Amino acid sequence: MRSVWYPGHMARARAKILEVLPMVDLVVEVRDARAPLSSRSPESGLISSRKPVGVVLSKADLAEEEVTGRWLELLAREGFEFCVALDLREGSCRRELSRLVRRGPRPDARRERRVMVVGIPNVGKSTLINALAGRRRASVAPVPGHTRGLQFYRAEGFLLLDTPGVLEPGEGAELQRRLAWIGCVRADVIGGHYKLAVELLSFLRSRGLMGRVLSRYGFDEAEGEAMEVISRIGRSRGFLLRGGEVNLEEAAKDLLMEFSSGGLGRVSLEVPP
Ligand SMILES: Nc1nc2c(ncn2[C@@H]2O[C@H](COP(=O)(O)OP(=O)(O)OP(=O)(O)O)[C@@H](O)[C@H]2O)c(=O)[nH]1
Ligand SMILES: [Mg+2]
C-alpha cells in the first residue's frame, strides 16, 4: 500500500536532512516508546552509517515500563551512542539529555556541538529541542507534520537543529495503523477515525484492556460490537447530530485521542522480538 500522505514538504525535508548531515556532530533519533520499531526514522540506517546516533524513546510515560526496559536493553546492543527513555515534557530530563549529548564525540573543540534531531512526525522532536534549550523555543503541537523546514536553535554549548517529521511512503497497513493510534499519522488519510477506532477496540479487546475503556467513560460494561461501544462513547460525551443520532466520527476521534494521550493508561504496542 502506498501512503496517501506524503506531502512535498516531507520529501524536501528528507533531502535537506541528508544534505546537512555531513556538518553535524551527533544525530538524536526520537522514537515513540510505545512502538520503537514502527516509529523508527526512515533515514535511521543511512544516518547511523555516517554519523554517531543517540536514540531517545519519547513518551515513556505512556508506555509499559517493563517493555520499555527490554527495548532499551535491545537498543544498547545496536551500537548507538546512547539510548534512553524519557517523558520529554518533564523538566528533569534536561540535565539527562545534556549529559548524554555532551558525552558524545566533538570533532572540533573550538566550536559548539552541532546536534540534529530527527524522527517521524509527532514523536516529540521539537519538545526535545525545548528540553535541551531549557526553554520553549521550538513550536510544539499535538498534530503530526507541525514543524516545516529545518530550524536552528542556539543553546548553551549546542547548535540544535529541529527537523520536520518524515515518513517512509509505501509502508504496510498494519504499521500505518499503529502509527495513527499513537498520533504519528493522521487518521483522516488512512480511512478515517471511525475505522481506526474500530480496529483499536479490537486490539484493546485482544489485549484484555477493554476494562480501561469502561472505566474511562464510566460504562457498566464494555461488551457488544465496536459500533455499540463507539456509539455509547458518543452519547456519554454528547457528540450528537442534529436528529439526535450519535456522531460516530467524533466519538471515534475522542477514543483515539484518549488512547494516544494516555487517557487509557500505559500501553506498549510493540514488544522486543
Ligand atoms: N506524554 C508525552 N507527550 C509528549 C512527550 N514528548 C512530546 N509530547 C507531546 O507530543 C506532541 C508532539 O510533540 P512535538 O515536539 O511537536 O513533536 P514533533 O516530533 O516535533 O512533531 P512534528 O514537528 O509534527 O514532526 C505534543 O503534544 C507534545 O506535548 C512525552 O515525552 N510524553
Ligand atoms: Mg516539530
Side-chain angles (χ1 to χ4, degrees), residues 28-42 44 53-78 80-97 100 117-132 140-144 146 165 167 171 174-187 196-197 199-216 254-273:
V28 174
E29 184 191 338
V30 187
R31 302 187 193 181
D32 190 306
R34 293 167 292 179
L37 265 190
S38 297
S39 66
R40 193 169 173 263
S41 164
S44 188
V53 176
V55 174
V56 173
L57 298 183
S58 64
K59 311 196 184 186
D61 53 307
L62 304 178
E64 294 160 37
E65 272 174 297
E66 184 265 337
V67 176
T68 302
R70 282 162 56 203
W71 276 116
L72 288 176
E73 279 170 28
L74 188 86
L75 287 166
R77 297 198 290 269
E78 289 187 12
F80 293 110
E81 282 296 310
F82 60 80
C83 41
V84 65
L86 296 167
D87 173 356
L88 292 171
R89 297 167 318 162
E90 273 289 319
S92 57
C93 69
R94 183 187 181 197
R95 195 185 295 168
E96 172 79 341
L97 280 169
L100 290 168
V117 181
V118 301
I120 68 167
N122 214 40
V123 284
K125 299 175 293 301
S126 301
T127 307
L128 184 145
I129 295 265
N130 289 336
L132 258 177
V140 164
V143 288
H146 183 67
L167 286 167
E171 292 288 359
E174 176 60 35
L175 185 138
Q176 298 268 358
R177 187 180 307 140
R178 241 178 250 169
L179 293 184
W181 288 344
I182 60 173
C184 297
V185 165
R186 277 171 34 193
L196 206 57
E199 290 160 347
L200 177 64
L201 284 173
S202 152
F203 165 79
L204 292 173
R205 210 182 286 279
S206 74
R207 289 273 304 269
L209 297 172
M210 282 303 283
R212 298 198 190 173
V213 177
L214 189 142
S215 56
R216 184 68 187 174
D254 192 80
L255 174 68
L256 291 165
M257 194 274 295
E258 288 288 357
F259 180 78
S260 68
S261 62
L264 303 182
R266 293 170 179 262
V267 182
S268 292
L269 295 178
E270 292 172 353
V271 292

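Keep in mind that this is a model prediction, so the values were computed, not measured. Residue numbers run from 1 in the order of the sequence given.
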Worked check of side chain to side chain contact (heavy atoms under 4.5 Å, CB included) between Leu37 and Arg178: CA-CA 10 Å; Leu37 265 190; Arg178 241 178 250 169; 5.9 Å; no

Looking at every non-hydrogen atom in both residues, tell me the closest pair between [X] and [Y] and how far apart they are.
X	Y	value
Leu179	Ser38	CD2-O, 3.6 Å
Arg186	Pro144	CG-CG, 3.6 Å
Asp87	Cys93	O-SG, 3.8 Å
Asp32	Ser39	N-OG, 2.9 Å
Gly262	Leu62	CA-CD2, 3.6 Å
Lys125	Val117	CB-CG1, 3.7 Å

For a 4.5 angstrom cut-off between non-hydrogen side-chain atoms, does [X] reach [Y]?
X	Y	answer
Asp254	Phe259	no
Val123	Arg31	no
Val53	Ser44	no
Leu57	Leu86	no
Leu175	Val185	no
Glu258	Val213	no
Val118	Val28	no

Test log, rule side chain to side chain contact (heavy atoms under 4.5 Å, CB included), inputs Arg34 and Val67: CA-CA 9 Å; Arg34 293 167 292 179; Val67 176; over 6 Å; no

Residue among Leu100, Val56, Leu74, Leu72 satisfying side chain to side chain contact (heavy atoms under 4.5 Å, CB included) with Cys83: Leu72

Within 6.0 Å of CD in Glu174, more than 12 heavy atoms from elsewhere: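 For Glu174, atom CD is crowded (more than 12 foreign heavy atoms under 6.0 Å).
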
Say you draw a straight line from [atom1] of [X] to [atom2] of [Y]; how long is it, rounded to the nearest 0.5 Å?
X	Y	atom1	atom2	value
Leu88	Asp61	CG	CG	8.5 Å
Ser202	Met210	OG	CE	10.0 Å
Trp181	Arg177	CH2	CZ	6.0 Å
Leu132	Glu96	CG	CD	11.0 Å
Leu209	Leu201	CG	CG	11.5 Å
Glu65	Arg70	CD	CZ	14.0 Å

N-O pairing of Arg207 and Glu64 below 4.0 Å: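 A salt bridge links Arg207 with Glu64.
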
Candidate pair Arg212 and Val267, rule side chain to side chain contact (heavy atoms under 4.5 Å, CB included), full reasoning: CA-CA 11 Å; Arg212 298 198 190 173; Val267 182; 3.6 Å; yes

Arg266 (side chain) donor-acceptor with Ala60 (main chain) under 3.5 angstrom: yes

Check: Trp71 side chain, Glu270 main-chain N or O, donor-acceptor pair, under 3.5 Å: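 Indeed, once roles are kept as given, a pair shorter than 3.5 Å links the two residues.
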
Glu29 and Ser41: side chain donor to acceptor below 3.5 Å: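 No donor-acceptor contact under 3.5 Å links the two side chains.
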
